[in-house]
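Everything on this sheet refers to the single structure shown next.
Bear in mind that the values here come from a model prediction, so they are computed numbers and not experimental data.
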Amino acid sequence: MKLSRLPRSIRQFSTHVFAIFLGVVLTFTSLRVLPSEAEPAPTANVAPAAATQIAQRPSPATAAVGSSSFVTSAVNRVGPAVVRIDTEKTITRRADPFFEDPFFRRFFGDSLPQMSPTEQLRGLGSGFILDKSGVILTNAHVVDNADKVTVRLKDGRTFEGKVRGIDEVTDLAVVKINAGSDLPVATLGSSSNVQVGDWAIAVGNPLGFDNTVTLGIVSTLKRSSAQVGISDKRLDFIQTDAAINPGNSGGPLLNAQGEVIGINTAIRADAMGIGFAIPIDKAKAIAGQLQRDGKVAHPYLGVQMVTLTPQLAKQNNNDPNSSIEIPEVNGVLVMRVMQNSPAASAGIRRGDVIVQVDGQPITSAEQLQSVVEDSRLGQVLQVKIRRGNQTQVLSVRTAELQDIS
């Protein structure tokens, strides 16, 4: 039977029932589809819990610093033991002979200006407390020749400082204050464990800005004093890009744990973006001698020298204006022999090439300096040299560096 032959009322009722049924079907279908459409497309085999963990995992930088900065912890550990050192020095100025000449005085009398023969110079540096009795380590150039030394603690207290010992060769000095027996003390680390790329934190009073902290990394190790441009020192520095400026001198260089790994020294005014620190292992040994004896005896040979390679020697020998013929070997070329020195007494001459000391091959000036520094005063060193085509072994007895006339 065809639907068109049914009564009109029945046809209308059937149409309404079909419409209701179709609506129910569409609603049920949409309820099943919509939740799946709201979820992200599965592009990787990662469970929802794992995805949440990955999203919450901290970045490497956040993990390194953490919610509480390691710099803050390091400075809080050592900061109270860092001091400011103010110095005063009286220097005598050379008077102009013109104003002191009796001939001019006779004509001009009191109208000539009066020249003050002395002048007060003020200096600023840093240091840190080694023990509770008030022993402070700083740079020699901070307190050298100072008439008055004033030490100011972080808590504001000031004390007169007494210089107990100075060693210009290593640029280290010990100062003592009397401030009771309960002073904060800096924790000393070991510079032998320092690696390039380690964190480096400089604390001090640069340019008079007290309690300043700068952060960087260790740029390189064993930067020789000759490379830095201070040939009168015997040091292998820690180089850092932590800002070190005048006033930082003598302050501590810290590692990430807040241990002292070096003593900052602002020795290069043109050192843009780099600074240097004396390794703490070297300072430990020197500080002990300075407290005990007030000075440190350094052995020396008495030669001015440069590192020699076969290439450099060949360039010299090919130069028609060269005054000497140099052996084309690795070693240390003697540029000058100091008068009345151990080297002069042993017969070392300008142009000699030192290739061995006590059987140890020598390939650089820094290495020779280190070997001599590690020897004893009065020790006889067997120095093998090349002089032209000849090889000789000379016995050199070391003497104290301060004996240079």
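- Contact record, Asn248 with Asn264: O-CB, 3.7 Å, taken as the closest heavy-atom pair.
- The shortest side-chain heavy-atom distance between Val296 and Leu290 falls under the 4.5 Å cut-off.
- Arg122 has its side chain out of reach of Asp86: every pair of non-hydrogen atoms, C-beta onward, lies at least 4.5 Å apart.
- How far OG1 of Thr138 is from CD1 of Ile166: 10.0 Å, rounded to the nearest 0.5 Å.
- Heavy atoms from other residues, nucleotides or ligands lying under 6.0 Å from CG of Asp155 number more than 12.
- Closest approach of Val380 and Ser395 over heavy atoms only: CG1-CB, 3.8 Å.
- Here the CZ-CD distance, from Arg77 to Gln257, works out to 8.0 Å after rounding to the nearest 0.5 Å.
- Between the OG atom in Ser126 and the CG atom in Asn205 there is a gap of 4.0 Å [rounded to 0.5 Å].
- Asp167 pairs in a side-chain hydrogen bond (donor to acceptor under 3.5 Å, both in side chains) with only one of the listed residues (His298, Gln289, Lys295, Arg234), which is His298.
- For Thr363 and Asn330, the side-chain atoms include no donor-acceptor pair closer than 3.5 Å.
- Side-chain contact between Ile326 and Ile324 is present, with heavy atoms from C-beta onward closer than 4.5 Å.
- For Glu259 and Asn255, the side-chain atoms include at least one donor-acceptor pair closer than 3.5 Å.
- At a threshold of 4.5 Å between non-hydrogen side-chain atoms, the residues Thr170 and Ile278 do not count as touching.
- Note that CD of Glu373 and OG1 of Thr398 are 10.5 Å apart. Values are rounded to the nearest 0.5 Å.
- Between the CG atom in Leu253 and the CH2 atom in Trp199 there is a gap of 13.0 Å [rounded to 0.5 Å].
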Given Val371 and Gln360, is the side-chain contact (heavy atoms from CB on, under 4.5 Å) satisfied, shown in steps?
-> CA-CA 9 Å; Val371 169; Gln360 178 181 349; 3.9 Å; yes
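- Nearest heavy-atom pair across Asp236 and Lys222 is CB-CA, 3.8 Å.
- Atom NZ of Lys162 sits in a sparse spot, with 12 or fewer heavy atoms from other residues, nucleotides or ligands closer than 6.0 Å.
- Smallest separation of non-hydrogen atoms from Ile261 and Ser191: O-CB, 3.6 Å.
- In this structure, the separation between CD1 on Ile362 and OG1 on Thr307 is 10.5 Å, given to the nearest 0.5 Å.
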Take Leu312 and Leu333 through the side-chain contact (heavy atoms from CB on, under 4.5 Å) test and state the conclusion after the steps.
-> CA-CA 11 Å; Leu312 291 175; Leu333 176 63; over 6 Å; no
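- For Arg349, the CZ atom is loosely surrounded, since the number of other residues' heavy atoms within 6.0 Å does not exceed 12.
- For the pair Val142 and Gly125, the tightest heavy-atom approach, listed with the atom from each and the gap, is CG1-CA, 3.9 Å.
- Under a cut-off of 6.0 angstrom, the local environment of NZ in Lys89 is crowded, with over 12 non-hydrogen atoms contributed by other residues, nucleotides or ligands.
- Few gaps surround CD on Gln291; more than 12 heavy atoms of other groups in view lie less than 6.0 Å from it.
- Heavy-atom contacts from other residues, nucleotides or ligands closer than 6.0 Å to NZ of Lys154 number more than 12.
- When every heavy atom of Thr220 is checked against every heavy atom of Val196, the shortest pair comes out as CA-CG2, 3.8 Å.
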